[in-house]
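Okay, structure first, notes after.
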Amino acid sequence: MRPDSILARVTELVTFLLPALPLLALLLTLLLGRYPGCEAIVRLSERIAGARRRTRDADRRPVLPKPSRASAPAGGLLIALGLAQRPPPLAA
């Protein structure tokens, strides 16, 4: 065989296997009984559970009353009322 053809075949093999290397590495670790990212998943679930507890504690605090909205029209409503053919209905 000529060195050119050997180099071409090796290049084709590397081109074919290079995208599959991460999958092969993951399969190898799973076959060996290791689960990559398991600790990270546990830490993330604990963090989410802690955040839920904090929001539940925050929900138990007394809610302050919202300030009443101004009765004067503003923005698009102001323009609409200005362009209306008749005056707005009286507030009940």
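Start at 1 with the first residue, then count along the sequence.
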List the atom pairs, with distances to 0.1 Å, where a side-chain N or O of residues 23-44 and a protein N or O form a donor-acceptor pair under 3.5 Å, not counting sequence neighbours.
from  : atom 1 : to    : atom 2 : distance (Å)
Thr29 : OG1    : Ala25 : O      : 3.3
Thr29 : OG1    : Leu26 : O      : 2.7

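- Asp4 CG to Arg9 CZ: the interatomic distance, rounded to the nearest 0.5 Å, is 12.5 Å.
- Counting all heavy atoms, side chain and backbone alike, Thr15 lies closest to Thr11 at OG1-O, 2.7 Å.
- With side-chain heavy atoms closer than 4.5 Å counting as contact, directly or through intermediates, Leu78 stands alone and belongs to no larger hydrophobic cluster.
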